[in-house]
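Working notes for the structure below.
Quick note on labels: first sequence line is chain A, next is B, and so on, each numbered from 1. Worth knowing before you read on, the calculation uses all heavy atoms, side chains too, and leaves out hydrogens, waters and symmetry mates.
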Amino acid sequence: VSLRQRLLLLFSLTVAAAVAAVAWTVLVRIRTVFDQRDQQETALFVSQFQREFQQRSAEVTAAVDHLAATERARSMAFEIVQSGDSTPYLTEAQTMAQDAQLDFLEIVGSDGNVVSSAQWPARFGYPEPIATQIGATAFLKREELPDGSVALGLFAVRAIRGAEPAIHLIGGRRLDQSFLHDLPVAPGMTIGLYSVNAGDQSLAVFDPKQFVGVTGDVPGAGHYETLINKARISGQPTSGTLYLTADRSDSVSVTAIPLNNQAGVTMAVLTVALSRTGLVEAQRHIRAIAYGVAAGGILLGIAFSLWIAARVSRPIEQLARAAEEVAEGNWEARVPEHGPSEVSGLAQSFNHMTSELVTQREQLVQSERVAAWRELARRLAHELKNPLFPLQLTVENLVRARALPAEEFDEVFRESTTTLSMEIANLKAIIGRFSDFSKMPKPELERIDAKSVIGRACSLYASVGDRPEGPIRCETEIAHEPMPMMADSELLHRAISNLVLNAMDAMPKGGNLTLSAKPAGDKIELRVSDTGEGLTPEECERLFTPYYTTKQHGTGLGLAIVQSVVADHGGTIAVESRAGGGATFIITLPKAER
Amino acid sequence: VYRRFAISVLLLAMTLPLAARTRPRYGGALRVELAGDPWQKPGGIARTLVFDGLTTRALDGTVLPALATDWASADSDHRWQFHVRPGVRFHDGTGLTATNAAAALNIACPSNCPWNAIHVVGAWLVFTSDGPMPNLPAMLAGDEFRIVLTLGADGKSPSPNIGTGPFQVASSANDALTLTANENCWQGRPFVDTIEIRGHRPIHDQWLDVSVGRADVAEVPAENVRQAQQQRLNVIVSPSAELLVLEESSTGALASPQIRAAVAAAVDRSALSNVIFQKQGEISGGLLPQSLSGYAFLFPTDQDLNKSHALRGGLTVGTLTLAADSDGAMQLAAQRIALNLREAGFNVQTGNAERPDLVLRKLPLPAGSPAAVLEELLRSAGQPSPVVADPGIAAMYKAERELLDRHTLVPLLDLPRAYATGARVRDLRIAADGFPDLADASLEDAP
């Protein structure tokens with residue numbers, strides 16, 4: 001990953017994290033504010049509801065009180081007690097309820113059975129145990145109706161005055177949609193009343209029909225089930241957030257308040273729902289701003305990272321490219337010396353380094369050239385000195401022989417001329433080898449297979465190995481797949497032959513000569529191994545230096561020629577050896593393209 | 001002597017008004033108020049006043065000649081012939097003939113008639129049927145078979161509501177109907193000149209009108225008889241004239257006779273009788289009243305929830321729908337029955353379902369022979385009537401037992417009809433069908 005990419009990533013992450021942190025903080029704060037507002041509005045509504053509830057209770061109690069004291073009720077009670085026959089008053093409750101504007105009214109006889117019922121006239125004769133629960137205040141009660149439904153109401157029980165035994169009136173008013181309609185509902189607030197059915201104590205049962213709002217059905221009534229059930233279980237107000245649709249803005253913060261009767265049984269659950277549309281829209285707005293800021297910040301980060309890259313990473317990249325060029329041999333590579341002080345200092349150092357390298361290389365070349373000339377001179381001197389000494393002795397011997405008789409002189413002269421001819425021939429041969437080295441031809445490349453090169457060398461030297469001083473066994477290890485390469489077969493054969501002859505020389509007492517060829521990726525490796533004495537590391541290091549030899553009478557040009565041939569083919573040569581373990585010369589040549 | 005003569009003359013003078021008071025007077029307008037329609041079927045008061053049947057019933061149920069003077073059966077009651085009364089004219093002057101009587105009967109009973117065909121042979125109407133028709137004369141006295149002019153003398157359709165009865169239509173506007181006396185009535189002219197009928201009038205408004213003298217006759221539902229009497233209204237009450245029954249469908253949730261029997265056993269008749277119908281109804285386990293059959297006490301009438309549970313046998317029956325054919329006490333009674341059935345483990349909804357499983361309704365219960373009354377009851381209930389060859393008590397009991405064992409009709413109460421009359425109404429009696437015999441009524445202050 002480049003410095004520019006790292007900078008870009010760092011800047012982007014920094015900006016995004018900063019924006020996210022700010023946005024999260026603002027969102028949390030807004031949510032807290034909205035929650036506090038919801039709680040305040042809910043508390044205000046609940047207090048108003050309780051006032052209204054108490055007022056309704058008082059109204060119901062007063063209405064039933066008034067009814068119980070009327071002359072009509074007292075007369076009825078007297079007649080019932082006196083005659084024991086309550087049947088004439090079957091419809092009395094309906095009339096009285098209508099007069100007192102009560103939704104529910106039952107007249108219960110002294111035996112506890114219903115005499116007359118306004119809400120369910122057919123229920124006469126059935127027991128009504130609630131008649132004994134006379135209290136000062138009204139209470140919540142579920143009332144079954146003829147159609148099977150259940151209505152929730154505020155009820156009060158009063159005994160008709162003057163009747164002994166007591167005849168009771170149980171009157172009530174509905175807690176329903178109209179009751180909700182009278183409550184002060186704030187904008188954005190939805191209230192609902194869930195009436196718990198008598199046979200509905202099982203919490204698994206939730207009947208949406210029993211859940212009414214101010215205008216009838218409560219939107220998304222089914223979503224309230226869990227919250228209402230929690231309130232029913234705990235008997236305490238329960239709050240939560242309900243998502244009515246997939247749209248998050250269509251959600252409400254709901255508080256479910258259980259309404260219990262005197263025995264603590266939950267008769268109904270009042271729900272106060274406050275729309276979260278404002279909160280969600282504010283959150284969306286803040287998120288949109290945060291996204292915008294983050295996007296802008298990231299863009300700024302990109303721009304900044306580009307600028308930083310221009311200031312910092314580009315000189316470093318130029319430096320890296322220059323270093324690569326140097327590695328590839330271009331020691332003339334230079335980098336611009338600008339940018340931050342550290343980078344410009346680095347560039348100056350690099351440029352100084354490359355210039356020093358060039359200087360040192362030139363000095364090295366000069367010194368090597370001098371060394372090579374010295375070596376050449378030493379070698380030439382050595383090579384020429386050997387034949388010159390016999391020549392000098394022969395000439396001096398010939399001069400001295402002039403004093404000898406003619407026959408002896410002739411004999412000496414013949415011998416001397418023969419020796420002179422041989423040594424001169426030897427000198428010519430030495431000069432010829434130096435001449436050959438200087439006149440290495442350019443390779444004529446053609447497509448050949450490495451197998452043929454190895455095969456040719458092996459076939460040539462297989463018979464040579466049967467030497468009396470020690471047989472040499474020649475082996476080949478050639479890979480099966482084709483190993484094409486572009487090479488001059490003659491030059492390459494010459495190089496291989498040089499290596500083979502060196503190997504044979506390295507095994508004066510015989511041994512194994514192994515010639516191998518195998519592909520190595522996009523290269524081809526040719527190996528020539530012997531089992532001779534091997535080479536020391538110092539010898540390995542200097543082996544390819546021209547005129548360096550480990551032989552008694554070598555010119556030191558053989559491996560130099562091999563290296564020259566290999567280099568002309570775009571390959572490399574290396575040697576692997578350890579003392580006493582033989583040596584392996586490895587020629588690596590590029591594989592020809594198909 | 002003079003003194004004795006004077007006392008005798010004085011006593012005679014005092015008795016003359018009394019004698020005059022016992023004699024009905026002609027003239028005057030009788031004002032009748034009804035909760036329903038005066039032309040409604042069956043038993044609309046206007047129908048009883050404007051139209052006659054071929055036969056009629058005496059108070060004791062005896063079948064008497066009306067537009068037919070005499071009749072005879074043949075072929076084991078498979079064929080009946082009625083002789084049409086000669087000289088009778090409809091209100092528009094059209095003479096009554098066997099032809100227009102047959103046309104009227106064919107229109108009155110387009111299908112599902114007791115007979116297969118009616119033939120006219122001179123002045124005779126001949127009824128034929130594949131089965132025996134032992135009660136045909138009694139049946140023809142029913143409201144369903146009153147003779148209405150449907151065939152004009154010139155072949156054109158006559159005006160509606162033209163009959164041969166003691167009164168004819170004078171005017172009709174909104175809910176007010178005025179009938180005038182038919183001077184040429186074959187039975188003789190009625191006493192009052194006109195009868196003014198006001199329909200669709202609430203019961204308590206009717207009572208108020210009778211109390212203050214704005215009406216002479218008002219209806220009193222059975223459940224309100226005691227209340228009317230408490231309000232010091234003069235109430236005349238008929239014998240049992242209607243049978244309150246619970247009809248059970250033989251299909252759907254009540255397809256099983258055992259379930260129907262469970263429903264029948266769950267109904268508490270005493271609550272209906274004592275409370276809802278204010279002790280005016282007579283609890284009945286049989287279709288025919290005890291006074292008529294003599295064996296009705298043999299049928300159980302008590303609520304038996306244990307039996308009902310046992311008959312249901314723990315089976316879960318779907319929600320039953322229960323409808324009542326009118327408002328007021330009938331709806332209340334339906335709700336009470338629903339409550340009874342809930343106690344027995346049934347889930348019942350009251351209301352006006354399209355095809356209710358249970359229907360609470362009143363069937364007309366005319367006077368007559370047991371076999372005839374039973375046949376008319378079943379006909380009005382739309383149920384097939386068994387032909388009781390032997391009208392003896394044992395055969396009747398057996399036939400009724402078989403009927404009740406089907407549990408498609410559950411008799412509950414025998415109910416009377418009642419009417420409140422004003423102070424100036426004289427000689428108003430209840431006819432055999434429970435309706436007031438206004439044709440024989442007269443007014444105290446008639447000129």
Legend entry - More than 12 heavy atoms of other groups within 6.0 Å of A/D217 CG: no
Legend entry - Within 6.0 Å of CD in B/Q40, more than 12 heavy atoms from elsewhere: yes
Legend entry - Interatomic distance, B/L339 atom CG to A/E144 atom CD [nearest 0.5 angstrom]: 9.0 Å
Legend entry - A/H181 atom NE2, neighbour heavy-atom count above 12 within 6.0 Å: no
Inset, instruction - Without swapping roles, check the side chain of B/R336 against the backbone of A/F124 for a donor-acceptor pair under 3.5 Å. - result: yes
Inset, instruction - Give a yes or no on this: more than 12 heavy atoms of other residues, nucleotides or ligands lie within 6.0 Å of atom NE2 of A/H66. - result: no
Inset, instruction - Locate the shortest heavy-atom distance separating A/A122 from B/L332; write the atom from each residue and the value. - result: N-CD1, 3.3 Å
Inset, instruction - With chain A as the partner chain, list the residues of residues 207-243 of chain B whose heavy atoms fall under 4.5 Å from it, by residue number, and write 'none' if nothing qualifies. - result: B/R226
Inset, instruction - State, with a plain yes or no, whether a side-chain heavy atom of A/D147 is found less than 4.5 Å away from one of B/Q335. - result: no
Legend entry - Within residues 257-278 of chain B, residues adjacent to chain A where the heavy-atom gap is under 4.5 Å: B/A271, B/N274, B/V275, B/I276, B/Q278
